[in-house]
A.B. asks: 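Have a look at the structure that comes next, please.
Note that the structure is predicted; figures quoted are calculated from it, not measured. Just so it is clear: chains get the letters A, B, ... in the order the sequence lines come, proteins before strands, and each one is counted from 1.
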Amino acid sequence: MTPTTLPTPRMIPDSLRQKIESYVPRYPNKKAVTLPALHMVHSHFRCVPYQAMKEIAEILEITPAEVADTMSFYGFFPQAPLGDVRVWICRSISCMLRGGDELLEHACKNLNIEPGQTTADGKLTVEFAECLGICDHAPAALSDDGRVFGPLDESSLQKMLDDLRKGPIPLEEL
Amino acid sequence: MATIIIDGQSFELPEGAKFNAIQAAKHFGIDIPYYCWHPALSVVANCRMCEIEVGTKDPATGEIKMLPRLVPGCQTPARDGTVLVTESAKVLEHRKNIMELLLINHPLDCPVCDQAGECGLQDYSYEHGRAAHRFVEERNVKPKKEVSDLIVLNQDRCIMCTRCVRFTREIPGTAELHVMRRGDHGEIAIFPDQPVDNPLAGNVVDLCPVGALLDKDFLHNQRVWFLSKHDGVCTGCSTGCNISVEENAGKVWRHKPRHNPYVNDYWICDEGRYGYKAANSPTLLGGNYVLEGKDHHGVPTDRFVKRLNETLTTRILDKQSVLGILSPYLSVEEAFAAAQWLASLTNRVELALGPVPVRGEDLTFAPDKTKGRSGDTSFIVPRPFTISAEKAPNRAGVEMMLDHFGKGAVPFEKALESVASHPIVIVFGGSPDESWIEADQVAALRKAEVLVLFDTTINPLADVADFVAGIASFAEKSGTYVNRDRRLQRFEAALPPREGVWPLLDLIAIVSGDGKAPIRSQEILKAAARVVPGLAKVEDGLVPELGLNLDSKDQPIPDAGFQDDWTLANVSTV
Amino acid sequence: MRSDDPALKKMTPPKLTLLEQSYLPQILGGLVVTGRHIVKAALGDGAVTMEYPEVQHQPSPNYRGVHRLNKDEQGRVKCVACMLCATACPVHCIDIVGATAPESWTDREKYCQSFVIDELRCIYCGMCEEACPVDAIELTSMYDLSGLSREEMIFDKTKLLSVFDLTKEGEPMKSGIVPPASSNRSRELVTTPTTGPVIERQQLV
Amino acid sequence: MPKFEPVLSRNWNDPEILSVKRYESKGGYAASRKALTTMSPDQVVDLVKASELRGRGGAGFPTGLKWSFLPKDRKETFMCVNGDESEPATFNNRYLVEKDPHQFIEGILIGCFATRASTAYVYLRFEYIKAIKILEQAIAEARAAGHLGKNIYGSGFDLEIWCHRGAGAYICGEETGLIESLEGKRGWPRIKPPFPAIEGAFRKPTVVNNIETLACVPHIVERGADWFKSMGTPKSYGPKLYTISGQVNKQVCVELPLGVTTNQLIEEHGGGVWKGRKAKAAIPGGISMGLLTKDEFDVPLDFEEIRKTGCLGLGTAAVTVLDETTRIIDYLYNTSRFFAHESCGQCTPCREGTGWLYKTIKRIRDGGGRIEDLDLMNHLANNMGITPGTTICGLADGAAWPIKNAIAKYRPELEQFIRENVNPAARIAPVQEAISAGRSPLPSNTSMFVPGIGIAKSATS
């Protein structure tokens with residue numbers, strides 16, 4: 001499809017569009033780029049709005065419903081923008097045995113939000129996770145910039161939340 | 001010869017058959033329950049209702065080896081030596097479990113659900129379910145939503161068989177429907193502002209085995225067990241889709257597709273689906289009328305026939321010639337009877353074809369099995385579905401009659417030019433659409449000295465014709481049509497002719513005064529087959545259920561497709 | 001039931017004595033009863049007839065009289081137009097037109113736009129009441145049904161609901177169960193398009 | 001038995017190993033060079049077959065056999081590397097990618113050569129943010145060094161490796177779910193047959209292997225099948241990465257020959273149970289496997305022996321320890337919550353069953369349990385999964401197994417819990433109970449349709 005047929009105003013900037021299109025040769029068909037494209041759009045907007053899904057569909061020559069189908073299956077993609085930092089607190093077995101559920105509750109109570117919500121100042125989104133694969137740090141937490149926290153207790157959890165509210169750290173510095 | 005063993009009995013599979021276990025069992029009269037499987041869609045085996053015990057028989061030793069676990073029948077090919085056990089204790093217990101699981105989050109609102117009476121859940125829970133279920137937790141409640149202007153989705157009734165999703169992806173290829181989220185919170189959904197509005201959209205309602213997808217047009221109007229079904233053929237276009245016309249209390253309530261692998265497979269387009277409304281239209285002609293001065297006066301049929309015959313006889317004795325126009329909406333029998341009558345009036349008769357409405361281009365949907373979910377597609381025999389641009393059911397059949405009685409099919413435009421040389425014009429209409437004739441065409445026809453019209457609707461030509469006879473509408477008559485592919489197909493009357501109106505066949509018999517003239521369409525077809533070479537293949541006026549290909553022999557159908565028959569009538573009662 | 005069903009109990013008629021065969025004791029017994037009534041009536045107490053309409057008959061609680069359409073606690077018709085009564089009716093005297101319920105009725109999606117019972121055709125078998133899944137139709141103990149024309153005896157929804165209003169005091173709904181209330185339910189009342197003749201009758205005791 | 005020398009984890013202490021130069025200097029890419037230049041693909045397959053390497057992802061299917069299922073006349077083959085390591089308590093693949101990515105790339109290279117796959121997709125779960133970064137860099141370096149790309153080592157073999165990021169779905173670790181997800185669809189597992197080896201990703205023959213499985217391959221090529229078979233227990237050969245987590249002092253990932261016991265792991269590597277407590281039970285390999293009671297701690301953790309204890313299998317060899325104070329109901333609550341959250345919702349038994357089990361366990365935990373709930377759950381669990389044949393993939397088995405296993409092994413404790421924890425607020429409403437038992441919840445002589453609850457059944461029993 002040529003860009004001229006796209007509705008205006010377009011949401012996905014040209015640079016991002018080119019990045020998505022650069023993934024097309026990796027796969028035998030365009031549809032397979034759906035997941036990478038959703039990831040790219042997500043890291044650009046920190047959410048995947050409907051308009052972006054529509055544009056992904058146009059780039060990949062599928063229907064918006066197919067994009068929504070894929071997107072809604074996974075727990076990763078939110079539709080409303082996230083806070084500056086998104087942190088997952090693990091509640092899976094190893095973490096639960098060491099107090100993961102309580103830590104999640106504690107963190108949410110501290111921040112005055114429910115799991116899955118963003119703080120009022122828009123700095124931090126706290127979510128639960130079904131295993132983060134960092135059970136060697138259990139009870140653990142992971143922020144979306146790649147920082148791993150754990151083993152946590154109430155005081156280190158508080159320190160973690162304070163750190164996270166300072167904003168994301170680029171991955172290179174890890 | 002391939003042999004399959006079902007429940008200990010051996011059956012010979014038909015030559016060239018491409019069956020799965022459900023189809024094979026059904027072929028031999030054994031029912032295996034299913035939900036998500038559909039003969040024209042890819043196999044995903046996710047409802048798990050059709051699970052049976054499967055094994056193979058070694059042809060050399062005769063030893064039967066069963067698989068240790070249950071296997072979905074939809075996924076099991078029926079081959080030589082396949083052994084199916086459909087009624088073992090294990091299978092029956094499994095069906096009980098699946099029914100229980102399907103119903104734990106299903107509301108028990110059958111009294112207000114339109115699917116009640118043709119619902120897969122009702123049937124199978126009666127036949128295979130537990131009397132009581134053991135679920136005491138809170139049910140998941142899901143919203144009701146509209147997926148298009150015509151279709152409503154009751155998500156809490158959905159069993160996530162994904163038939164609808166697969167249909168929109170594989171058949172029209174428009175993929176408007178998708179599954180949202182996962183697990184027991186999964187829902188069927190559309191993308192915002194992208195309703196299911198493809199020309200075949202209504203089929204998702206037929207596909208839905210439960211009351212989740214419902215037609216708003218039919219919603220809350222009728223209970224399905226009050227409806228009488230009549231085999232019909234859609235008059236919307238020259239494809240001639242096989243439909244079931246469903247009526248109650250003198251009204252047609254809906255059209256449903258009827259399976260015919262040679263024509264429409266399992267589908268009909270929305271235009272045909274909602275074409276039933278014309279049968280209930282208030283603009284149908286309600287009797288016979290004669291133009292006196294400027295006004296039409298309703299007259300009883302005997303007086304109408306008498307006056308018509310008087311006029312025609314006088315004029316014809318004056319050596320005036322007749323132009324007969326036969327619309328492509330007439331059935332083969334009607335066209336034959338009409339042409340025969342016209343030919344009997346005088347030898348100075350010219351026959352022409354009525355206007356053939358054409359809109360757009362043929363629209364063909366080729367099933368694309370790769371577009372669907374990646375299920376097993378090896379059992380599917382894809383057949384394309386076409387919506388014809390030619391919006392009349394029987395041009396081919398009427399032309400056949402014109403060829404036989406006249407000088408070939410004179411097109412309507414040419415016939416209009418010759419009105420001047422034919423003072424008597426007799427038009428046989430029958431289109432359910434009042435606008436089948438345009439103002440300038442009416443004016444051209446009105447130049448005739450005597451204008452006779454046999455038609456179903458109050459239309460511009462009826463406003464000016466000297467004699468107007470109301471005839472039975474498409475839902476009120478029986479007969480046959482010849483479709484685009486020259487397939488002769490029979491349809492039945494769903495309604496009795498409305499009051500004051502005769503079917504055209506009866507009317508012609510009365511007008512022609514031939515007391516012995518056959519008026520049953522089968523007899524007329526029999527008579528027509530004797531003289532019209534194109535109908536030579538018709539035997540004894542009978543047309544097979546799937547129609548008769550007038551030109552060549554039908555290709556065999558490797559997959560014996562069958563329609564879902566989740567109707568109360570099919571449940572064996574105690 | 002098959003004739004060889006073991007549950008069948010075979011009966012043989014009792015053998016009558018000579019006196020019984022003459023029927024005289026039975027005739028005399030009957031005359032005694034008649035005489036007792038003659039005496040009772042003559043003494044002015046214990047008449048077996050009733051001076052209707054001055055005195056009203058009290059039918060038994062399971063008497064099947066005129067139908068009524070029940071209302072829920074908000075005064076809306078309880079009927080959800082499932083048409084099971086019409087399906088169950090052996091004489092086809094019930095005609096219902098269903099429709100999508102108004103938006104404000106959050107607890108149901110269907111109601112009856114029109115509900116007509118031909119009381120002359122009805123055989124008062126009570127199958128409709130039995131079939132109703134929401135206890136919307138019930139047979140009351142009203143028995144003195146009369147009218148001057150056949151049309152008058154065809155009860156429409158308004159009339160059937162008015163029977164409910166008339167009889168609800170004396171005959172409460174048999175289930176006594178009202179649909180569970182949802183929080184955002186409106187108080188809108190049923191509006192019926194036609195107002196048929198409302199039945200007039202003195203209040204039941 | 002000679003002293004065990006770690007191979008998979010031999011470079012983990014070397015932070016420089018992330019660079020291709022360092023890896024090469026330690027003898028890296030020698031095995032791939034050997035395979036590509038001196039062996040034919042079929043020889044590699046035969047070698048792996050001879051080593052009896054079994055898949056490390058959970059099912060333990062012999063890898064060589066899997067490779068030999070590919071059709072002989074195939075034109076295009078794909079390799080999918082399964083790094084969607086989502087089984088709770090498992091993290092050994094993350095260690096392999098983060099700490100020695102080239103070993104794993106070398107494994108892919110040999111695996112692809114053996115299966116003649118010219119494209120490999122590494123499907124990594126999105127939580128492995130750092131691992132993805134490291135792997136992408138390592139792939140780029142390996143390509144620059146000539147280990148990937150066109151005509152590798154002059155053998156005429158081409159290979160491209162692409163990293164594909166998951167998005168948080170447990171089921172994408174199932175091989176066909178992974179393939180669907182890779183194709184850009186929702187990760188709903190496919191029905192089998194056709195098996196991926198015949199029709200997999202993009203409807204082409206496809207091999208799906210676990211990261212750890214592929215990491216073993218270079219060592220087999222280098223040292224031979226006999227070396228590999230010298231470790232482990234019968235039918236379970238070779239080294240294995242065990243992870244220990246939960247209520248132990250040290251949560252670690254260690255490489256050991258297959259067949260160590262739980263006791264050994266806890267005492268020698270996990271530093272004992274935490275807080276000086278005693279162990280109550282252990283999960284041998286991810287939560288779907290069931291529980292080992294304390295008496296079963298001496299059973300060797302390999303593919304065969306573990307099944308005799310009533311556990312589903314070795315799984316991912318992720319051992320999680322429960323101490324004596326942990327309640328079994330909490331463990332069940334956690335597992336059922338996990339599976340209710342992760343069920344893909346495709347097959348009826350799993351979609352509805354996992355939700356039902358979770359709701360029931362939650363009710364029991366809240367104090368509204370009934371003794372018959374245990375039998376009900378047992379019945380439900382017995383009728384879910386691939387083993388009875390009621391689902392497409394094994395998630396339902398994994399969801400059902402911990403429940404039936406725990407009911408079998410800890411029924412007295414659960415019954416005691418139900419008896420002792422009674423909370424009126426969590427009790428089932430009498431009307432629900434009556435309906436489920438098929439009794440009338442209403443006074444007799446009334447109809448059964450109550451909007452909102454709903455039952456259309458005559459009042460019997």
A.B. asks: Using a cut-off of under 4.5 Å on heavy-atom pairs, state which of Trp274(D), Phe78(D), Tyr121(D) scores highest against chain A.
C.D. replies: Tyr121(D)
A.B. asks: Can Ser118(D) and Glu76(D) be said to form a side-chain hydrogen bond (donor to acceptor under 3.5 Å, both in side chains), step by step?
C.D. replies: CA-CA 8 Å; Ser118(D) 57; Glu76(D) 199 177 3; 5.6 Å; no
A.B. asks: Indicate yes or no: does Asp162(A) engage Lys159(A) in a salt bridge with an N to O separation below 4.0 Å.
C.D. replies: no
A.B. asks: Residue by residue, which of residues 75-83 of chain A have a heavy atom closer than 4.5 Å to a heavy atom belonging to chain D?
C.D. replies: Gly75(A), Phe76(A), Phe77(A)
A.B. asks: Should the pair Glu61(A)-Lys30(A) be classified as a salt bridge under the 4.0 Å nitrogen-to-oxygen rule?
C.D. replies: yes
A.B. asks: So does Ala89(D) get a backbone contact from the side chain of Thr243(D), meaning a donor-acceptor N/O pair under 3.5 Å?
C.D. replies: yes
A.B. asks: Go through Thr325(D) and Arg277(D) one step at a time and tell me if the side-chain hydrogen bond (donor to acceptor under 3.5 Å, both in side chains) criterion holds.
C.D. replies: CA-CA 8 Å; Thr325(D) 64; Arg277(D) 291 180 191 157; 3.2 Å; yes
A.B. asks: One thing to verify: whether Asp330(D) and Arg365(D) come together as a salt bridge, which I'm taking to mean a side-chain N less than 4.0 angstrom from a carboxylate O.
C.D. replies: yes
A.B. asks: So Tyr27(A) and Phe202(D), would you call those rings parallel, tilted or perpendicular, with 30° and 60° as cut-offs?
C.D. replies: tilted
A.B. asks: Is it the backbone or the side chain of Thr326(D) that comes under 4.5 Å from a heavy atom of chain A, or both, or neither?
C.D. replies: side chain
A.B. asks: Quick one: which of Asp144(A), Thr34(A), Ile93(A) has the most heavy-atom pairs under 4.5 Å with chain D, could you say?
C.D. replies: Ile93(A)
A.B. asks: Does any heavy atom of chain A fall under 4.5 Å from the side chain of Tyr331(D), the backbone, both, or neither of them?
C.D. replies: both
A.B. asks: Less than 6.0 angstrom separating the ring centers of Tyr358(D) and Phe338(D), yes or no?
C.D. replies: no
A.B. asks: Given a strict heavy-atom distance threshold of 4.5 Å, which part of Ile244(D) is in contact with chain A: side chain, backbone, both, or neither?
C.D. replies: neither
A.B. asks: Is the backbone N or O of Val33(A) less than 3.5 Å from a side-chain atom of Arg26(A), with the two atoms forming a donor-acceptor pair by type?
C.D. replies: no
A.B. asks: Among His42(A), His39(A), Met71(A), which residue has the highest count of heavy-atom pairs closer than 4.5 Å to chain D?
C.D. replies: His39(A)
A.B. asks: Taking the basic N atoms (NZ, or NE/NH1/NH2) and the acidic carboxylate oxygens, is any pair closer than 4.0 Å for Glu66(A) and Lys31(A)?
C.D. replies: yes
A.B. asks: For Leu182(D), is it the side chain, the backbone, both or neither that has a heavy atom under 4.5 Å from a heavy atom of chain A?
C.D. replies: both
A.B. asks: With respect to chain A, which residue among Gly168(D), Ala201(D), Gly246(D) yields the maximal number of heavy-atom pairs within a distance under 4.5 Å?
C.D. replies: Gly246(D)
A.B. asks: At a heavy-atom separation under 4.5 Å, does Arg337(D) approach chain A through its side chain, its backbone, both, or neither?
C.D. replies: both
A.B. asks: Tell me, side chain or backbone of Arg165(D) under 4.5 Å from chain A's heavy atoms, or both, or neither?
C.D. replies: both
A.B. asks: When you check the gap from the basic side-chain N to the acidic O, do Glu183(D) and Arg190(D) get nearer than 4.0 Å?
C.D. replies: yes
A.B. asks: Give the interface residues of residues 129-140 of chain A toward chain D, defined by a heavy-atom separation under 4.5 Å.
C.D. replies: Glu130(A), Cys131(A), Leu132(A), Gly133(A), Ile134(A), Cys135(A), Asp136(A), His137(A), Ala138(A)
A.B. asks: With chain A as the partner, which of Ser181(D), Gly345(D), Cys172(D), Gly286(D) has the greatest number of non-hydrogen pairs under 4.5 Å?
C.D. replies: Ser181(D)
A.B. asks: For chain A, which candidate among Ala167(D), Ser245(D), Pro88(D) shows the most heavy-atom pairs at distances under 4.5 Å?
C.D. replies: Ala167(D)
A.B. asks: Can you confirm if the aromatic rings of Tyr95(D) and Trp12(D) lie within a centre distance of less than 6.0 Å?
C.D. replies: yes
A.B. asks: For Asn93(D), is it the side chain, the backbone, both or neither that has a heavy atom under 4.5 Å from a heavy atom of chain A?
C.D. replies: neither
A.B. asks: State whether the side chain of Glu324(D) and the backbone N or O of Lys278(D) hold a donor-acceptor pair below 3.5 Å, judged by distance alone.
C.D. replies: yes
A.B. asks: Within residues 97-113 of chain A, which positions have a heavy-atom distance to chain D below 4.5 Å?
C.D. replies: Leu97(A), Arg98(A), Asp101(A)
A.B. asks: Would you call Arg86(A) and Glu127(A) a salt bridge, using N to O less than 4.0 angstrom?
C.D. replies: yes
A.B. asks: Aromatic contact between Phe126(D) and Tyr74(A), with the criterion being ring centroids under 6.0 Å apart: yes or no?
C.D. replies: no
A.B. asks: Who are the side-chain hydrogen bond (donor to acceptor under 3.5 Å, both in side chains) partners of Glu160(D), not counting sequence neighbours?
C.D. replies: Arg143(D)
A.B. asks: Side chain, backbone, both or neither: which part of Ile171(D) has a non-hydrogen atom closer than 4.5 Å to chain A?
C.D. replies: side chain
A.B. asks: Begin from the C-alpha positions of Asp69(A) and Lys185(D) and carry the test salt bridge (Lys or Arg N to Asp or Glu O under 4.0 Å) through to its verdict.
C.D. replies: CA-CA 7 Å; Asp69(A) 187 321; Lys185(D) 302 172 190 165; over 6 Å; no
A.B. asks: Report yes if the distance between the aromatic ring centroids of His164(D) and Tyr123(D) is under 6.0 Å, otherwise no.
C.D. replies: yes
A.B. asks: Can Asp121(A) and Arg165(A) be counted as an ion pair, charged N to O under 4.0 angstrom?
C.D. replies: yes
A.B. asks: Please evaluate residues Gln51(A) and Glu55(A) with respect to the criterion side-chain hydrogen bond (donor to acceptor under 3.5 Å, both in side chains), reporting the C-alpha separation (whole Å), side-chain torsions for both, the decisive distance (0.1 Å), and the verdict.
C.D. replies: CA-CA 6 Å; Gln51(A) 176 63 27; Glu55(A) 288 174 33; 2.7 Å; yes
